[in-house]
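The structure appears right after this line, and notes come after that.
Each residue takes its place number in the sequence, starting with 1. Values in this document were obtained by computation on a predicted structure and should not be read as measured data.
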Amino acid sequence: EWIMSRVGIKERRVLKGGKAMSYMGIQAVNDLIRKTRIEPESVEGIICATSTGDYHFPPTASIISYQTGCSKAFAFDLQAACSGFIYLLETAANYIRSGRYKRIIAVAGDMMTAITNYTDRTTCPLFGDGCGAGLIESTNESIGILDSILRSDGSGLPHLLMKAGGSAKMPSYETVDNHEHTVYQEGKVVFKRAVSEMADVAAEIVERNGLKKDNIDWIIPHQANMRIIDAGERRLEVPIEKVLINIPRWFHGPVKQELRRGRRQNSYRMIPSHGSKLSGCLLVLKKHRDLSLRRAPVLRVTLPVCKKL
């Protein structure tokens, strides 16, 4: 009851059986390949956004590509914490925009329970395990990724981080005993910055694309905390009916599985996120017949396959 009233969470998924992040990625990519009926060998690249890769190296993306038969794909990981999905899509989009690649699979997921301190009630309710995969292709249709804004502010380092395990603080008995290999967060500071920065980038991306708030059919916010979502919705002055919410049941991360929702022809989805000194906003165009209102998108996004554990 305390967790539900404070952050809006009812359930979280936990990956068990000694499995790692790549297991979820492999399942998601295999489901995506089956659904889209593509040949694994036709995939030219796999990029995986994760903060909880199987190992420091090799990249988890290379494990996923091998296990899914994508033998001709380059593979690397991208680490942008809670904003990883937005950074991932923009990175994959630019590979397509370059003209050198035609088909990229984007995988976003985390096994957050591996780095959660379950004696810390301020953070342990927030995190679960989950993964999604998307197929990014070139297209001449009026559908795809329209624009993005990506930002970073390293001044927030003391407020949200894993204190040990990197080259700045090597593992030791002391760091393990002090739970320094798990998420540390100062909630009040993160809350204030999340609300303001998510709202700011969302308003900016609407303005620079010549749109109005009424043109946005769905806002798909980072599903970290229901109070952050409520505060952001009030700051943006949009009706709650346009805000997609799945925080009671699903993984702490962007609402990847909701991109396909909506029936209107002029359908824009906006995805703001914030976390670990990173903020970003992505504007996705679902369908639009009046080409004068937009900068032509160049991508088809098939999203996603999220594994229920």
| query | Any side-chain heavy atom of K163 sitting closer than 4.5 Å to one from T175? | reply | no
| field | Test log, rule salt bridge (Lys or Arg N to Asp or Glu O under 4.0 Å), inputs D200 and R151 | value | CA-CA 11 Å; D200 289 346; R151 297 242 176 91; over 6 Å; no
| Co-membership, hydrophobic cluster, residues Y184 and V189, 4.5 Å side-chain | no
| request: First locate atom CG of L211, then atom CD1 of I205, and finally report the distance between them rounded to the nearest 0.5 Å. | output: 9.5 Å
| Under 6.0 Å from the OH atom of Y55, do we count more than 12 heavy atoms belonging to anything else shown? | no
| request: Quick one: do T68 and N30 satisfy side-chain hydrogen bond (donor to acceptor under 3.5 Å, both in side chains)? Show the steps, please. | output: CA-CA 6 Å; T68 56; N30 280 334; 5.1 Å; no
| message | Set out, in order, the CA-CA distance, both residues' side-chain angles and the distance that settles side chain to side chain contact (heavy atoms under 4.5 Å, CB included) for I33 and L135, then state yes or no. | response | CA-CA 9 Å; I33 289 171; L135 177 64; over 6 Å; no
| query | Is there a donor-acceptor pair closer than 3.5 Å between any side-chain N or O of D177 and the backbone N or O of E174? | reply | no
| If only atom types and distance count, is the side chain of K242 paired as donor or acceptor with the main-chain N or O of I216 below 3.5 Å? | yes
| field | salt bridge (Lys or Arg N to Asp or Glu O under 4.0 Å) evaluation trace for R103 with E137 | value | CA-CA 5 Å; R103 181 170 285 168; E137 297 178 299; 2.6 Å; yes
| message | I need the E90 CD to D147 CG distance, nearest 0.5 Å. | response | 7.5 Å
| message | Between the side chains of E186 and K188, is the shortest nitrogen-to-carboxylate-oxygen separation below 4.0 Å, so that they form an ion pair? | response | no
| query | So which heavy atom on I105 is nearest to which on V43, and how close? | reply | CD1-CG2, 3.8 Å
| Within the distance-only criterion (no hydrogens, no angle test), does the side chain of S83 pair as donor or acceptor with the backbone N or O of A80 below 3.5 angstrom? | no
| task | Report the C-alpha separation of E180 and K169 in whole Å, then their side-chain angles, then the decisive distance to 0.1 Å, and conclude whether the salt bridge (Lys or Arg N to Asp or Glu O under 4.0 Å) test is met. | result | CA-CA 10 Å; E180 293 182 358; K169 193 170 188 179; 2.8 Å; yes
| task | List the steps and the verdict of side chain to side chain contact (heavy atoms under 4.5 Å, CB included) for L89 and S148. | result | CA-CA 9 Å; L89 284 187; S148 68; over 6 Å; no
| Are Q223 and P221 side-chain neighbours, meaning at least one heavy-atom pair lies under 4.5 Å? | yes
| Got M112 and I115 here, is their nearest side-chain heavy-atom distance under 4.5 Å? | yes
| task | Flag the pair P171 / V176 as yes when at least one side-chain heavy-atom distance between them is below 4.5 Å, and no otherwise. | result | no
| remark: Closest non-hydrogen atoms of T50 and D77, given as atom of the first, atom of the second and distance, are CG2-OD2, 4.3 Å
| task | Describe, in one word, how the ring planes of F76 and Y95 are oriented to each other, choosing from parallel (under 30°), tilted (30 to 60°) and perpendicular (over 60°). | result | tilted
| Got a sec: does the CD of E204 have more than 12 other heavy atoms crowding it under 6.0 Å? | yes
| query | So, do L150 and V201 sit near enough that their side-chain heavy atoms are less than 4.5 Å apart? | reply | no
| query | Linking I/L/V/M/F/W/Y whenever their side-chain heavy atoms sit closer than 4.5 Å, directly or via other members, would V29 and Y66 fall into one cluster? | reply | no
| Rounded to the nearest 0.5 Å, what separation is found between the SG atom of C124 and the CZ atom of R12? | 11.5 Å
| query | Can you name the nearest heavy-atom pair linking S71 to E41, along with the distance? | reply | OG-CG, 4.0 Å
| request: Identify the heavy atoms of E44 and K102 that sit nearest to each other, and give their distance. | output: OE1-N, 2.5 Å
| query | Could you go step by step and tell me if I63 and M21 meet the side chain to side chain contact (heavy atoms under 4.5 Å, CB included) rule? | reply | CA-CA 10 Å; I63 299 172; M21 165 56 207; over 6 Å; no
| Just how far is it from atom OG of S62 to atom CD of Q67, taken to the nearest 0.5 Å? | 10.0 Å
| query | Which of these passes side-chain hydrogen bond (donor to acceptor under 3.5 Å, both in side chains) with D120: T122, N117, T116? | reply | T122
| request: Might you point out which heavy atoms bring S51 and A81 nearest each other, and give the distance in Å? | output: OG-CA, 3.4 Å
| remark: T52 and D110 have their tightest heavy-atom pair at OG1-OD1, 2.7 Å
| field | Side chain proximity check, T113 to L15, heavy atoms < 4.5 angstrom | value | no
| query | Out of curiosity, I229 CD1 to I245 CD1, how far, rounded to the nearest 0.5 Å? | reply | 5.0 Å
| task | Quick one: pull up CD1 in I145 and CD1 in I271 and give me the separation to the nearest 0.5 Å. | result | 8.0 Å
